[in-house]
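Here the structure is laid out as structure tokens; the discussion comes afterwards.
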Amino acid sequence: MLIKLSDGREIPVESHKVRIVQKIQLIPVTERLRAIEEAGYNTFLLRTRDLFMDMLTDSGTNAMSDNQLASMMVADDAYAGSESFYKLASAVKDVFGFEYSLPAHQGRAAEHLLAKLFIKPGDAIPMNYHFTTTKVHFEFLGGTVYEIYTDEALKTESTVPFKGNLDLNKFQDLIKRYGPDKVPFVRMEATTNLIGGQPFSLQNLRDVKEIATKHGIPLFVDGSLISENAYLIKQREPGYQDKSIQEIISEIMGLADIMYLSARKSCSVRGGLIATNNKAYYDKILPWLPVYEGFSTYGGMSTKEIEAMAVGIREMTDVNVAGSSVEFVKYFAERLIAKKVPVVTPPGGLGCHVDAKRFLPHLTSFQYPAGALTAAIYLVSGIRSMERGTVSMERDKDRNEVASDLELARLAVPRRVYTMSHIEFAVDRISWLYQHRDLIKGLTFVEEPPVLRFFFGKMTAQEQWSRKLMEAFQSDFGEV
Ligand SMILES: *Cc1c(COP(=O)(O)O)cnc(C)c1O
């Protein structure tokens, strides 16, 4: 929750207390250099025992509440008809307003089922932005993903409050070009994960729905980060300041023909879900659920996670829960901006994104500025972030490298996991790094996998920059 201090500053204060903890340690910088070298300058390949703070992702790494943990103890283990499922279905009905719930083991499993049942070769699928697994599933089935974001979406420095909006003109053009029969659905992602957790507005969602309905196209909402999008609407959209998170979620879901989500994000568990009020859609998906996931009352999830998900769905409507990560992200970004570090603005819903293009203007795209920055951040702080830049791009069909539009080091803020002093530590080390940015040089691939190279690819530091950076660090801070 936001608290105003007597000096006029507003700071995020946790609306929970810590009752179970996990030990972390900050290993010396010489060991951090060894760890990042062994990981091939790829933060995905670091081991958690070598991390101080893990800001790789918010996926499956959020803190659960006491009530979520307690609910796991009463899970009803049954192959079919589990009472745990009916608790989940009732939470989905109460909070999201959907009659029919279809559990799946993860968000991408929900995407797999929807792609299989709704997409035919030659189809076009418009969306405000893609998510990695979404795009792969939809294109695997022969569809083409069209990201029809507004011109503002890719500007890293912006004051536009809803960079997750869909461009309505481009949407209409696409329908005209393909014909509505070739557009199986339009997908709106609640806070666009890959471009900085940027929200859509309810006005935009209503407009999208109106155009879609006119052409008989259903609206699918990816609700993985729904509570964050609702919280940002409450803060930023005129007319919503006095609405509750529940009211805003209800209004969003009221427009969706199908909602699916990864429960690893806003729900703070590990699982997934498809939900709808359309009986025909439910009947179409249901028979395939046991083929790919599991019987319809567990869908590949453990009943413990189903219980905790039912509680998580209800808890996300608490404004302090919905805002827990958003307010820390905002604080984190504003503190970095105060130290002149270039970050994506306005701050969004899942993490703080440092703009590596502006941080390291002396590097070309093919020296992988975002990759070099994530490695450098780890070296000076023990903090793991994620490269979202050219390393994350696929080569084109002639096997040429493709430069990414954006070069970002994403520092995810898992919900309720880190405290203010952790954020202050991160700000201090990243701003120290910014003053020493000239020491950071590029990376060179030594092992490059054929697909999704960012997961397993290995690189080395050009001109041994990491060693020189370590020496500069040691002269200011010693070993930690
Ligand atoms: C994480 C995520 C997914 C994929 O879900 P998994 O549970 O990781 O399989 C899909 N869409 C969005 C928006 C996500 O954030």
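Counting convention: from 1, in listed order, for ligands and their atoms alike.
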Among all protein heavy atoms in this structure, tell me which lies nearest to [atom], with the distance rounded to 0.1 Å.
atom                    : result
atom 8 (O) of ligand 1  : Arg108 NH2, 2.9 Å
atom 1 (C) of ligand 1  : Lys265 NZ, 1.5 Å
atom 11 (N) of ligand 1 : Asp222 OD2, 2.7 Å
atom 6 (P) of ligand 1  : Gln106 NE2, 3.3 Å
atom 7 (O) of ligand 1  : Ser262 OG, 2.6 Å
atom 3 (C) of ligand 1  : Phe131 CE2, 3.3 Å

Any atoms of ligand 1 less than 4.0 Å from a non-hydrogen atom of [X]? List them with their elements.
X      : answer
Gly107 : 5 (O), 6 (P), 7 (O), 9 (O)
Thr133 : 4 (C)
Ser224 : 11 (N), 12 (C), 13 (C), 14 (C), 15 (O)
Glu189 : 13 (C)
Leu225 : 15 (O)
Glu111 : 10 (C), 11 (N)

Q. Is any N or O atom of Asn193, backbone or side chain, closer than 3.5 Å to an N or O atom of ligand 1?
A.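 Checking ligand 1 against Asn193, an N or O pair does fall under 3.5 Å apart.
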Q.
Thr134 versus ligand 1: do any nitrogen or oxygen atoms come within less than 3.5 Å of each other?
A.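 There is no such contact.
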(Q) Closer than 3.5 angstrom, by distance alone: can the side chain of Lys170 be matched with the main-chain N or O of Tyr149 as a donor-acceptor pair? (A) yes
Q: Would you please say whether a donor-acceptor pair under 3.5 Å links the side chains of Ser262 and Arg270?
A: no
**Q.** Between Tyr178 and Tyr146, a side-chain donor and acceptor under 3.5 Å
**A.** yes
Q. Does the gap between the ring centers of Phe328 and Tyr418 come in under 6.0 Å?
A.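 No; Tyr418 has its ring centre 6.0 Å or more from that of Phe328.
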Q.
Quick one, Glu111 with Tyr260, criterion side chain to side chain contact (heavy atoms under 4.5 Å, CB included). Give me CA distance, side-chain angles, the key distance, then yes/no.
A. CA-CA 8 Å; Glu111 288 169 340; Tyr260 76 89; 3.1 Å; yes
Q. Of all heavy-atom pairs between Asp50 and Ala35, which one has the smallest distance, and what is that distance?
A. OD2-CB, 3.8 Å
**Q.** From OH (Tyr129) to CD1 (Ile195), nearest 0.5 Å
**A.** 6.0 Å
Q: Classify the ring geometry between Phe185 and Phe138 as parallel (under 30°), tilted (30 to 60°) or perpendicular (over 60°).
A: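 Because their plane-to-plane angle is over 60°, the rings of Phe185 and Phe138 count as perpendicular.
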Q | Glu307/Lys304 under salt bridge (Lys or Arg N to Asp or Glu O under 4.0 Å): CA gap, chis, key distance, verdict | A | CA-CA 5 Å; Glu307 287 276 350; Lys304 288 188 173 57; over 6 Å; no
